[in-house]
Structure formats: C-alpha cells, structure tokens
Amino acid sequence: MAENGEFSFTSRANKTGRDGLAKIQTNKKEAVVCHDDSAPPVKAQTIDELHSLQKKRSTPNTPIKSTLADGSFTSISEEERQKQQLQSISASLASLARETGPKVVKGDPEARKVESQKLTHTQYTPTILNISDSALKFTHVLYDLSPAELYEQAIKYEKGSFITATGALATLSGAKTGRSPRDKRVVKDETTENELWWGKGSPNIEMDEQTFLVNRERAVDYLNSLDKVFVNDQFLNWDPEHRIKVRIVSARAYHSLFMHNMCIRPTPEELEDFGTPDFTIYNAGLFPCNRYTHYMTSSTSIDINLARKEMVILGTQYAGEMKKGLFSLMHYLMPKRQILSLHSGCNMGKDGDVALFFGLSGTGKTTLSTDHNRYLIGDDEHCWSENGVSNIEGGCYAKCIDLSREKEPDIWNAIKFGTVLENVVFDEHTRQVDYSDKSVTENTRAAYPIEYIPNAKIPCVGPHPKNVILLACDAFGVLPPVSKLSLAQTMYHFISGYTALVAGTEDGVKEPQATFSACFGAAFIMLHPTKYAAMLAERMQKHGATGWLVNTGWSGGRYESGSRIKLAYTRRIIDAIHSGTLLEANYTTTEVFGLDIPTGIEGVPSEILDPENTWSDKNAYKETLLKLGGLFKKNFEGFMSHKIGEDNKLTEEILAAGPVF
Ligand SMILES: Nc1ncnc2c1ncn2[C@@H]1O[C@H](COP(=O)(O)OP(=O)(O)OP(=O)(O)O)[C@@H](O)[C@H]1O
Ligand SMILES: O=C([O-])CC(=O)C(=O)O
Ligand SMILES: [Ca+2]
Ligand SMILES: [Mn+2]
C-alpha cells in the first residue's frame, strides 16, 4: 500500500492508452488490397468518428410537460427543459453570500474539450451582485449518469477504482472507512431546540446557523472549483404518499454510483417532473472543514440543517454518511407525519407475513432479511405507517467481511456489475476479491440495488408486521439464542439497544465491549428514544405483533472459550419464528433477564437453547450473566424518568421488564 493509503498496481493499470489513439491513415484509392474479413467497412473516416458511433444516443424521453398558469399542461422543448434543470442545479450550488450560482453546463469536460470552442453553453446568469472569478467559471454537471458511465468516470479519474472479477466496482473510501458520529452536527434553532433530542446520550451535536453557512459555503466553493460535479436526483421511501425527493451533489463517481444504488431510482418520466428537491446533500468528500471555524473539533464535519433542508459533508469520503444522513432526516420528517421510522431490515413470507429485524451494526439485519425463501422488502431502513411497512431505500449495504457463497448466496451473487465494493482487497491480476482480508478495514461493504436480490419485493412495501425480531450479537455468550418477549420486554430491549463485540486484538486483550444504542440506532434518531418506542408499542399492540430477542453472537462460553452461533442455526430459529411453530413451543424462563426460552426447535441442538448448558464453568456463567445484567441496569437509568405512551402503566411494565437480581 502506498503512503497515501491507496493501492498502486504499477505496471498494469498504466499501460493502457495514455497517449491517446493515433489517427488512422486511410487511403481510399488503395482499397483494392484483399482483406480476409468480408464485413462491410466501418462507417467512419477517423478513429474519433468511430468512437462517436459507439455511443448511441438514448431515445428521447416522452413529451415533457410543464404547468401553465391556468394549470394546464404544455409541452416544452428539450432545450427549455435542459435550461430549467440547469437553473435548478445552479441554484443548488449558489453561494448565498454572493447571491450567484455558478455557470453550470451539462456533460463531461473531457468529452467537450475538442468541441468547446464552438459549443454554446446553456447557462444561467442570475442578477450578479458581486462578480468574482468563481462566478465566471463553468462547472460541468454529470447529471444522473448511468452505472456504466460512472464506472468509466471512476476508473479514469479516481485512483483506487478497479473492476473486480465479477464486475463490481472496487473503490477506496480514503482515510475514513466508517461513519464519524462525533462529527455529526445539527443546527439548533428556535424550532429544533424544542423538537429534537439534545444533550447527554443524544447523537445531535449542536451547531448554529451561521456556522452551518460557513461550512456550506466551504463545500459549495470547493465543488464549484472542480471541473465537474456529479448530481443525483432520487427518491426516498417506497410509500408514494410520503416519498421524499433528494438531490446529492458530490465530487466523486463513487459517491454518485453509491447513491444511485442506495436511493430509489426515478424513471425517466419521474426525473422530468422532478422539480425542486425536498432535501439537498453537498458532499465535499476529502475537502476538510476549517478547524478554526467555531464548533469544529476535527477536520470532518457532517452538518444537517433541517430548516434549510440541506446537509453538508466535509472531510470524509465514507459514503455511508450520505445514506445515514438521509436516514436521520427521515427520523425527523416521518414521526411528524405519525409514521414510525426504523433501523431495521424487513422481509415477507409467501403468505404475506412480515418480519422486522432490528439490531445494531453487524448483528444480522442484512444477512437475515436476505432469505432465499422470503421476499426482501429492505435490509436497513423502514417506515411503519397506517398502511403497513415501506422501505426508505432502493438498495442494500451488506457487510462483506468473511462473506461466503455457501452461507450468503444471494448477497454473494449480488456483487456483480453495478455494485460498489468498498475497501476490499483483491488479486492484482485476476481481480478475485479476498473477503477474508481486513488489510484496509474490517468494515468492507457492498452497495447494490435491491433488484440484485432475486426475490426482492418491488415496490418495497408490505402489510403490518407479524414478528418484531431484536438482534443482539452477545459476545458475553449469556443471552439465549432466542427468547419470546412480552410487549414490555420488547420495549425494554428496544430502548436499551444492546449488542457486544469483541474489542481489538492488537494487544491480545479480548474483552467484550457492551454497546447500548437506543432504538438500535441512536446515532440516527432525531427525537427522544421514547417517542419512537411509544409509536412501536402502539403499533405492535394494535396489529398483534410478537417480539423476539435473537442472539446472533456467542454460545458455549465467552468469546475466548465459546464460538459465534452458527448462521445455519440462527436461520433455523428465524424460520421457526416466521412459520409460527416457535410461538407454539414449550417455554421455560431464565434467571436474571427473565426471558422465555423454547425447549426445542427443529434443526437446532436443544442443548444450546439454554446458554447455561453450554458453559462448562457454571460459576463463570453466573458471574458473566450478572455482569451483563448490571450493564443493562446502569444503561437504563437514563430512561427511568421518561414516560412512554399515554398512561404510566406501560412505563412501569417496561421498567419491570429488565433484569431482576
Ligand atoms: N449467527 C449469525 N447470525 C447472523 N449473522 C452472522 C452470524 N454469524 C456470523 N454472522 C455474520 O455477521 C454479519 C452480520 O452483518 P449484517 O450485514 O447482517 O449487519 P447489519 O445488522 O445489517 O449491520 P449494518 O446496519 O451495519 O448494515 C455478517 O457478516 C454475517 O455473515
Ligand atoms: O451506516 C453505515 O455505515 C453502516 C450501517 O448500516 C450502520 O452502521 O448501521
Ligand atoms: Ca446492513
Ligand atoms: Mn445500518
């Protein structure tokens, strides 16, 4: 690896056509020479002409409509439509201080080099108050490019972009290979001060409007200083009544392709009628924030301004920031409409039975919602409204570490042309990915459109959930592989949001690290956790959903003596939940956590169902169990004074549903 953190594949990558192609010298008069190919000659006089034939122009879209003052529709010319679109993009990229937008022109600056002299740019020139050099410069916009075009852009201009053996686009996200929650700021104004969750435990770090504008200007100036920017206009939420229009302005083809895959892709007709976006992201990627700016504590800042409907990203190229930034937005907008937003996966059986999968990062939402025998509604972000469930996204974001074809065939097969593969390591020659390699990061990821999963349910909506499955990866090895929960227990564990991972291995000390993250996604919620919990309780009660706690972590002892529960067993457990057989099983109740555990499940060794059986040292088991119980209690102290729902009854039940000892 080179010192800049990027891979260098010296010889191979640089051999191709750097010097451009030489002009063919054709000589018509000498065409009598006998050639062994009998095909008609190519209809081009020069190589450039030949290349221009290769790219077929897309068939024009259906007639473009625009609304007249009297409400009737009229067709507008392609030229006029382009002009309107460019005006909208120019307005998006406008400097607020100078009150002027950049001169925006569509297309790749490289492709236009030759023609540029004769080209008349369709430009937007607003009333210019102050002219500066930046206002005289053109910014080329690569608008809603196709995956193929984005591949070309990435490979040509973004170091670290390669096509893997199965056709995916391998990329590097730079210095950041995960989100930066401590750099996520939200503008506190008169409205958000009262509406949002602030203070201890809240993910919303405050910033003021002025500072937001400073960062926004920095991002916009950076983007406008580039030769070209990428713009995606897309949707969030498959529920047509509550669809949100988002625009993403970014500096990298990687980011544009990532969002193309992760958000809902508009049809050409929908794109024509797109209009003004409801929310805009300015992703300046590697360009840092100014550390002398008020509130800045590092070179990274991810800033949300709900009033302005904008988000600015400075100093990180990790694409997950965009995805999860929009999720935060939905966690604000949806509850305002009485819709519950959830960090969960979701799938549906042949009979229409829907299951939600909650859990923190790496606990199995994507793995377990991607089930060959069920329809995938979504792997990570959903809404639960009066009408049922809907996916917020149009793609999946799967963890790839140790991915295997046998255990996760549908995810494996989704890693093909169009898929973004982040931070993986592959063979220099064959471009075969080594999924076990953690050299860049353990958080290797694949982002693919949901249709890449063969049994995806399109549109990604479904009826009210029947089962609510809470996933925890318990590295202490004391939580049972599955427990049936009462409503109060479901709320207790939902608010706790527990998981535990094994800490870093560098110094040989492997102590499980318990993490509690309210609503299994505290990093993304905007309101107090009890607001979401109350909505979940109300919906589960109304629709008769059953809660389950599934430990996808350790069994047979702690991390050092035990091992992670086999994925095959977890899948059998989940099957028994879906089929309804687990609801009918016999149960016993555990000590301390008071969890109801089944005595038998088809395809799962009965002895593992009660974790106590799997520990050879019973004292160590009890000690570890009490230790974890203590951590739960301590974490829940912060929620003791909050009421959940209309009456105090549920609140009291929830408080009593935690560990007792
Ligand atoms: N018993 C098990 N159950 C579920 N997953 C398991 C199990 N054993 C190992 N795994 C592995 O754990 C990982 C679960 O990650 P997954 O992508 O499903 O996380 P996620 O909950 O979707 O997280 P994120 O919100 O970060 O996307 C996968 O790599 C999977 O192969
Ligand atoms: O957002 C990410 O980087 C990955 C993810 O899904 C999560 O952490 O929940
Ligand atoms: Ca996931
Ligand atoms: Mn997630």
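Source: prediction; values computed, not measured.
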Give a yes or no answer on whether the side chain of E206 reaches the backbone of V187 with a donor-acceptor pair at less than 3.5 Å. no
Please, which pairs that meet side-chain hydrogen bond (donor to acceptor under 3.5 Å, both in side chains) have at least one residue in residues 451-462, sequence neighbours excluded? R265-E451
With heavy-atom distances below 4.5 Å as the criterion, would you say the side chains of L342 and E381 are in contact? no
Do the side chains of N391 and V461 get nearer than 4.5 Å, heavy atoms only? no
If every non-hydrogen atom of A251 is compared with every non-hydrogen atom of F230, which pair is closest and at what distance? O-CE1, 3.6 Å
Once you round to the nearest 0.5 Å, how far does OH of Y448 lie from CG of D410? 8.5 Å
I205 side, atom CD1; I304 side, atom CD1 - distance, nearest 0.5 Å: 11.0 Å
So does Y222 get a backbone contact from the side chain of S225, meaning a donor-acceptor N/O pair under 3.5 Å? yes
Can you give me the closest heavy-atom contact between L306 and T192, atom names plus distance? CD1-CG2, 4.0 Å
Regarding S250 and N283, do their side chains bring together a donor and an acceptor under 3.5 Å, going by distance alone? no
If you measure only the distance, is there a donor-acceptor pair under 3.5 Å linking the side chains of E422 and Y318? no
So do the side chains of H242 and I339 get within less than 4.5 Å of each other, counting heavy atoms only? yes
Classify the angle between the aromatic ring planes of F417 and Y151 as parallel (below 30°), tilted (30 to 60°) or perpendicular (above 60°). tilted
Walk me through whether Q153 and D108 qualify under side chain to side chain donor-acceptor pair (under 3.5 Å). CA-CA 9 Å; Q153 288 288 325; D108 183 355; 2.8 Å; yes
Grab the two heavy atoms, one from C263 and one from L326, that are nearest each other, plus how far apart they are. SG-CD1, 4.1 Å
Pairs of donor and acceptor atoms involving the side chains of residues 284-297, under 3.5 Å and at least two apart or interchain, shall be tabulated with distances.
| residue | atom | partner | partner atom | Å |
| --- | --- | --- | --- | --- |
| N290 | OD1 | Y292 | N | 2.8 |
| T293 | OG1 | N290 | O | 2.9 |
| T297 | OG1 | R185 | NH2 | 3.0 |

Run the salt bridge (charged side-chain N to carboxylate O under 4.0 Å, His left out) test against D239 and tell me which residues pass, sequence neighbours left out. none
Using side-chain heavy atoms (C-beta onward) and a distance below 4.5 Å, is H331 in contact with Y532? yes
Does the structure place the NZ or CZ of K365 under 6.0 Å from the centre of the six-membered ring of Y397, at an angle of no more than 45° from the ring's axis? no
Any donor and acceptor pair, going by atom type alone, linking the side chain of S180 with main-chain N or O of D183 inside 3.5 Å? no
Charged N-O contact under 4.0 Å between D233 and R247: yes
Could you pull out all residues at least two apart from E393 that satisfy salt bridge (charged side-chain N to carboxylate O under 4.0 Å, His left out)? K323
Short question: side chain of T419, backbone of A414 - any donor-acceptor pair under 3.5 Å? yes
Between V433 and F426 the two heavy atoms that sit nearest each other are CA-CB, 3.9 Å
Is there a donor-acceptor pair under 3.5 Å between the side chain of T370 and the backbone N or O of T366? yes
Can you tell me if R337 has over 12 outside heavy atoms packed within less than 6.0 Å of its CZ? yes
Taking E270 for its side chain and T267 for its backbone only, find out whether a donor-acceptor pair lies under 3.5 Å. yes
If only side-chain N and O atoms count, and only distance matters, is there a donor-acceptor pair under 3.5 Å linking N232 with D144? no
Salt bridge check, K336 against E195: does any charged N sit closer than 4.0 Å to a carboxylate O? yes
Residue pair L527 / P335: nearest heavy atoms and the distance that separates them: CD1-CB, 3.6 Å
OG on S369 to CG on L356, rounded to 0.5 Å: 10.5 Å
Give a yes or no on this: more than 12 heavy atoms of other residues, nucleotides or ligands lie within 6.0 Å of atom NZ of K309. no
Atom OG of S328 and atom CD of E321: how far apart are they, to the nearest 0.5 Å? 9.5 Å
Between N261 (side chain) and G395 (backbone), is there a donor-acceptor pair under 3.5 Å? no
List the residues meeting side chain to side chain contact (heavy atoms under 4.5 Å, CB included) with D227, not counting sequence neighbours, and say none if there are none. P109
Is a side-chain donor-acceptor pair under 3.5 Å present for Q234 with K245? no
Is the F524 ring parallel, tilted or perpendicular to the H343 ring (thresholds 30°, 60°)? perpendicular
Classify the side-chain pair N423/T444 by whether it contains a donor and acceptor separated by less than 3.5 Å. no
With rounding to the nearest 0.5 angstrom, report the CD1 to CG distance, I450 to D379. 7.0 Å
Pair R179-T316, side-chain donor/acceptor within less than 3.5 Å: no
Check step by step if side chain to side chain contact (heavy atoms under 4.5 Å, CB included) holds for N215 and M207. CA-CA 11 Å; N215 280 359; M207 82 188 304; 4.0 Å; yes
Verify, without hydrogens or angle tests, whether Y282 (side chain) and E217 (backbone) share a donor-acceptor contact under 3.5 angstrom. no
Picking from L236, I392, I244, what satisfies side-chain contact (heavy atoms from CB on, under 4.5 Å) with M334? I244
Could you tell me whether the side chains of N237 and S390 share a donor-acceptor contact shorter than 3.5 Å? yes
Looking at E209 and R216, is there a salt bridge between them, counting it only when a charged N and a carboxylate O are closer than 4.0 Å? no
When you measure from the side chain of S298 to the backbone of T300, do you find a donor-acceptor pair of N or O atoms at a distance under 3.5 Å? yes
Which atom of S173 lies closest to which atom of Q317, heavy atoms considered: O-CB, 3.2 Å
Could you tell me whether the side chain of C383 reaches within less than 4.5 Å of the side chain of L340, counting heavy atoms only? no
V249 side chain reached by L93 side chain, heavy atoms, under 4.5 Å: yes
Nearest-0.5 Å distance, CD of residue Q82 to CD of residue Q85: 6.5 Å
For a 4.5 angstrom cut-off between non-hydrogen side-chain atoms, does P203 reach W197? yes
With a 4.5 Å heavy-atom cut-off, do F162 and I155 have their side chains touching? no
Would you call D380 and K324 a salt bridge, using N to O less than 4.0 angstrom? yes
L213/R308 under side chain to side chain contact (heavy atoms under 4.5 Å, CB included): CA gap, chis, key distance, verdict: CA-CA 10 Å; L213 293 177; R308 285 195 58 84; 3.9 Å; yes
Those residues that, when tested against S146, pass side chain to side chain donor-acceptor pair (under 3.5 Å) (two or more places apart): E149
Any side-chain donor paired with an acceptor under 3.5 Å for D303 and S301? yes
Is there a donor-acceptor contact under 3.5 Å from the side chain of K188 to the main chain of L196? no
